[in-house]
Amino acid sequence: RVACSSMPTNGINKALKLQFGLINYENRYLTAEAFGFKVNASGISLKKKQIWTLEQDEQDGQVVFLRSHLGRYLASDKAGKIICGAEKPDPECRFLIVPQSDGRWALQSEPYQRYFGGSADYLSCFAQAIGEQELWAVHLALHPQASLLSVARKRYAHLSASDGEISVDSNIPWGVDSLVTLVYLDGKYSLKTCDSRFLSNDGKLVKENSNTTSFTLELKSGKLAFKDCDGKYLAPVGPTGTLRSGRCSKPGKDELFDLEESHPQVVFQAANKRFVSVKQGVSISANQDVETDMETFQMEIDKESKKPMFRTNGGSYWTLVTHGEIQSTATEVEVNTMFDIEWRGHRVALKASNGKYVCTKKNGQLSAVSDTVGDDELLLMKLINRPMLILHGENGYVCHHKNSNTLDANRSVYDIFSLLFDNGAYHIKSVNGKFWYVSSSGLVCSDGEKAEDFFLEFPEHGRVAIKGSNGKYLRGDQGGTLMCDGASVDASSLWEY
């Protein structure tokens, strides 16, 4: 058995675990209750109890196991009775996915050949044929922004604005163009580029979401396939790997993709107003006037120590070498590739593993030689690969409140906000073109005429904390309203982004 989060054969980042909600014919989610290991189909939205993780059998790729948020496995006995209490998958936990033409799934018990379905508290796995009650729509539960990797080509998708297409010919998912946003609507998915256009099945990029930009998701041995409205599948075509529907009405290797987590990528500007770069060789130096891939670094936060590492577009890491110099010579993660980062409002300071602060020398070279922080130890850090901001907190997504200027932080649907950089701070723009600001009572409002500064901090892997100009952190309160009154970074003020 393996979870579907195994490293892809060539990907540089981890493939995302396939987690999803299952929606029945009454538009209700399959829910694992906390007590008695009972399951029902009564959930009205995709929250923690409605999230299932797909695992596959190591010997037989066709067989899947469905694991609940409690870490227990869904099972059916011979009489079709459903329970979700097994801590390890036993033979009764073995299911087969039978995909339908409309993208929905039927789930068949492998040992007993019966189909799983029903409504509310009346779920069973006893149907001999697939009817409407045995069909489940799949709603991916992962954060909708990711990198898309072609399994066959071992290349990443990226927006090629000059050709007006998504090309699948990138060795690494570098820069904002490699960010793909999966937009979910009525059981179908659309692929949105970083410039807010949608991929049509003919390979063109269009402004509006329609039938031709809507795809159903299929899963095949842990990989994803996208089926269009004509029953054909997206595949990379031609020399640049133009992403469009091919001829196949069955997904083969060419039609399979991995979604990989998209790490934050940043650009640094030193006190000398130059960009930090690896253009001149192995030494990390602030000596460039333009931002290219060589001035863009991937910030990977170590899960244990929570310290950031910085990867170059060549795949190596910043590391501390003799005499405090910082070079891009490390190929493996170790103590000298980890830095402490201090969030100092509009600027950051980095401390290397020798306990010294990183300083920009007169020639631009970065060296960890300082005991205190002055101008030469301060860096302007800009996040470049989240022009579209989607925030997911401990209780759900951030979304405009229906009838007021406040924001909800507990929704199963999300709004896409614009993130605009301004001298070390960020402005957050609502769907209506107005700006976020914090009221005197600490409420986050979404109808500001002028922009207000917010500050991004990255305290742990995959999470951002957002500080307002009042020095407090964004968090969702008990009633689900977005506030800017958090005194410190904790579970309520950390966001997937």
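Small disclaimer: the values here were computed from a predicted structure and weren't measured. Start at 1 with the first residue, then count along the sequence.
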_Minimum-distance pair of heavy atoms, taken over all atoms of S150 and R153_ = OG-N, 3.1 Å

*Answer with yes or no whether the side chains of D376 and T360 bring together a donor and an acceptor at under 3.5 Å.*
no

*Go through the steps for F421 and H427 under the test ring pair (Phe, Tyr, Trp, His ring centres under 6.0 Å), then give the verdict.*
CA-CA 6 Å; F421 180 77; H427 300 153; 9.4 Å; no

*In a check of ring-ring contact (aromatic ring centres under 6.0 Å, His included) between F268 and each of F339, F275, F310, which one passes?*
F310

*asked:* Tell me whether E394 is salt-bridged to K48, with the criterion being a basic N under 4.0 Å from an acidic carboxylate O.
replied: no

_So which atom in L182 and which in Y414 form the shortest heavy-atom distance, rounded to 0.1 Å?_
O-OH, 2.8 Å

_More than 12 heavy atoms from other groups under 6.0 Å of CG on D490_ = yes

*Honestly, is K227 close enough over F215, meaning NZ or CZ under 6.0 Å from the six-membered ring centre and within 45° of the axis?*
no

*Output, in order, the C-alpha distance, side-chain angles, deciding distance and verdict of salt bridge (charged side-chain N to carboxylate O under 4.0 Å, His left out) for E295 and K279.*
CA-CA 8 Å; E295 290 72 48; K279 203 166 196 167; 5.2 Å; no

_Minimum heavy-atom distance L140-L46, with the two atoms named_ = O-CD2, 4.0 Å

_We want to know whether Y497 and H392 form a side-chain donor-acceptor pair, criterion being a heavy-atom distance below 3.5 angstrom._
no

*Flag for H158-D169: side-chain donor and acceptor within less than 3.5 Å*: yes

*asked:* For E449, is there an ion pair with K434 - N to carboxylate O distance below 4.0 angstrom?
replied: yes

*Does any donor atom in the side chain of E291 or T296 lie under 3.5 Å from an acceptor atom in the other side chain?*
no

*If we only count heavy atoms from C-beta on, is the L320 to K356 side-chain gap below 4.5 Å?*
no

*Have N336 and S353 got a donor and an acceptor in their side chains that come within less than 3.5 Å?*
yes

